[in-house]
Amino acid sequence: MRNLFNFLIRYNSWFLFIALEVISLVLLFTYNPYQESVYLSSANKVSGKFYASVNNFFGYFNLRSINEELLEQNGLLQERIIFLEENLRSYTADSLNPNVFVDTVSAEKYEFITARVISNSITRLNNYITLNKGKKDGLLPEMGVIDQNGVVGVINKVSDNYATVMPILNPKFRFSARLKKNEYFGSLVWDGKDPRYAVLEELPRHANFQPNDTVVTSGYSDAFPEGIMVGIVDSISGKNSENFSAIKVVLAVDFSKLGNVLVIKDLNQLEKRNLENLTQSEK
């Protein structure tokens, strides 16, 4: 305490000077309109920059949660789109038949589970992706995986809290895809070369296509609904045969930038599997 008093006594002139300066500035900016307006505008400018910096700082750390919320909303929109497309196809096929009842409730066949990529590879021959969700979150093998741009791959193995995905960038994975404009379909597979491209094989030789034609899922796979974006036609591939064509496809998904994904849950998958197993057992 004595040291504090000695310090105050020693520098009392400086403290008096600072106090008088503060009082004079308060009087200056309080009773002079021009100086007051200059002070307020300057203070607002400084505080505005400060709050903007703080907001940007915390906003950066909120981007992950914002992206996850957007992905969930995207999943809900995908559900509604698929639901409406199923209904549209049903009405188109059966609208002329008054004896056919179109069930618009059961047409809702899919749900989407959001997940985050925590490990990813694109430089290997057999690439894999790891997700931060597993059995506890409803993930099972052979479920399809997409992001906001298109098809990513299919669930390979699951543990309680994690799952691995076999992506398009793995030659072991192939699925049915078609040309959107004329519905000719083939089998899409990666040739192990450029991660930006895949090859649509086994396309009928007479199928017409042009560069930039859209390629989507055919719906013949349990993993993906019909019409999910795959990519666009680039050029003819070197794998043509006498009866079939092969085309090079620019993939819609940039696998070097994968972050959040949607896992597709087919609500009728178990029923279809049981029926297929029953049919196989009767052969």
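Remember, it's a predicted structure, so these values are computed and weren't measured experimentally.
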Test item: [X] and [Y] side chains (from C-beta on) under 4.5 Å apart, heavy atoms:
X: Pro141; Y: Val158; answer: yes
X: Val249; Y: Ile232; answer: no
X: Leu179; Y: Thr214; answer: no
X: Phe112; Y: Ile146; answer: yes
X: Val250; Y: Arg196; answer: no
X: Leu188; Y: Val230; answer: yes

Where the side chain of [X] meets the backbone of [Y], is there a donor-acceptor pair that is under 3.5 Å apart?
X: Asn182; Y: Asn208; value: yes
X: Thr217; Y: Ile228; value: yes
X: Ser159; Y: Tyr162; value: yes
X: Ser121; Y: Thr123; value: no

How far does [atom1] of [X] sit from [atom2] of [Y], to the nearest 0.5 angstrom?
X: Asp194; Y: Leu251; atom1: CG; atom2: CG; value: 9.0 Å
X: Lys265; Y: Asp137; atom1: NZ; atom2: CG; value: 11.0 Å
X: Ile247; Y: Leu200; atom1: CD1; atom2: CG; value: 4.5 Å
X: Phe185; Y: Leu203; atom1: CZ; atom2: CG; value: 9.5 Å
X: Phe224; Y: Ser176; atom1: CZ; atom2: OG; value: 11.0 Å
X: Asp266; Y: Asp222; atom1: CG; atom2: CG; value: 6.5 Å

Only distances under 3.5 Å count here; give the side-chain donor-acceptor pairs of residues 163-175 to other protein atoms, sequence neighbours excluded, each with its distance to 0.1 Å.
| from | atom 1 | to | atom 2 | distance (Å) |
| --- | --- | --- | --- | --- |
| Thr164 | OG1 | Lys157 | N | 3.3 |
| Thr164 | OG1 | Lys157 | O | 3.4 |
| Asn170 | OD1 | Lys172 | N | 3.0 |
| Asn170 | ND2 | Asn127 | O | 3.1 |
| Arg174 | NH1 | Ser187 | OG | 3.1 |
| Arg174 | NH1 | Glu201 | OE1 | 3.4 |

Run the numbers on Ile113 and Leu139 for side-chain contact (heavy atoms from CB on, under 4.5 Å), then give the verdict. CA-CA 8 Å; Ile113 303 169; Leu139 272 58; 3.8 Å; yes

Among Val261, Asn132, Leu258, Leu131, which residue meets the side chain to side chain contact (heavy atoms under 4.5 Å, CB included) test with Arg116?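 In the set Val261, Asn132, Leu258, Leu131, the residue that makes a side chain to side chain contact (heavy atoms under 4.5 Å, CB included) with Arg116 is Asn132.
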
Minimum heavy-atom separation for [X] and [Y], please, with both atom names.
X: Met229; Y: Ala252; result: CG-CB, 3.7 Å
X: Pro195; Y: Phe255; result: O-CD1, 4.3 Å
X: Thr114; Y: Lys133; result: O-NZ, 2.7 Å
X: Pro225; Y: Ile264; result: CD-CD1, 3.7 Å

With hydrophobic residues grouped by side-chain heavy-atom distances under 4.5 Å, do [X] and [Y] end up in a single group?
X: Ile118; Y: Val253; answer: no
X: Phe244; Y: Tyr220; answer: no
X: Tyr197; Y: Val233; answer: no
X: Tyr184; Y: Phe209; answer: yes
X: Ile122; Y: Ile129; answer: yes

Does atom NZ of Lys180 have more than 12 heavy-atom neighbours from other groups under 6.0 Å away?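 For Lys180, atom NZ is not crowded (no more than 12 foreign heavy atoms under 6.0 Å).
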
Residues in salt bridge (Lys or Arg N to Asp or Glu O under 4.0 Å) with Lys136, at least two apart?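 Lys136 satisfies salt bridge (Lys or Arg N to Asp or Glu O under 4.0 Å) with no other residue.
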
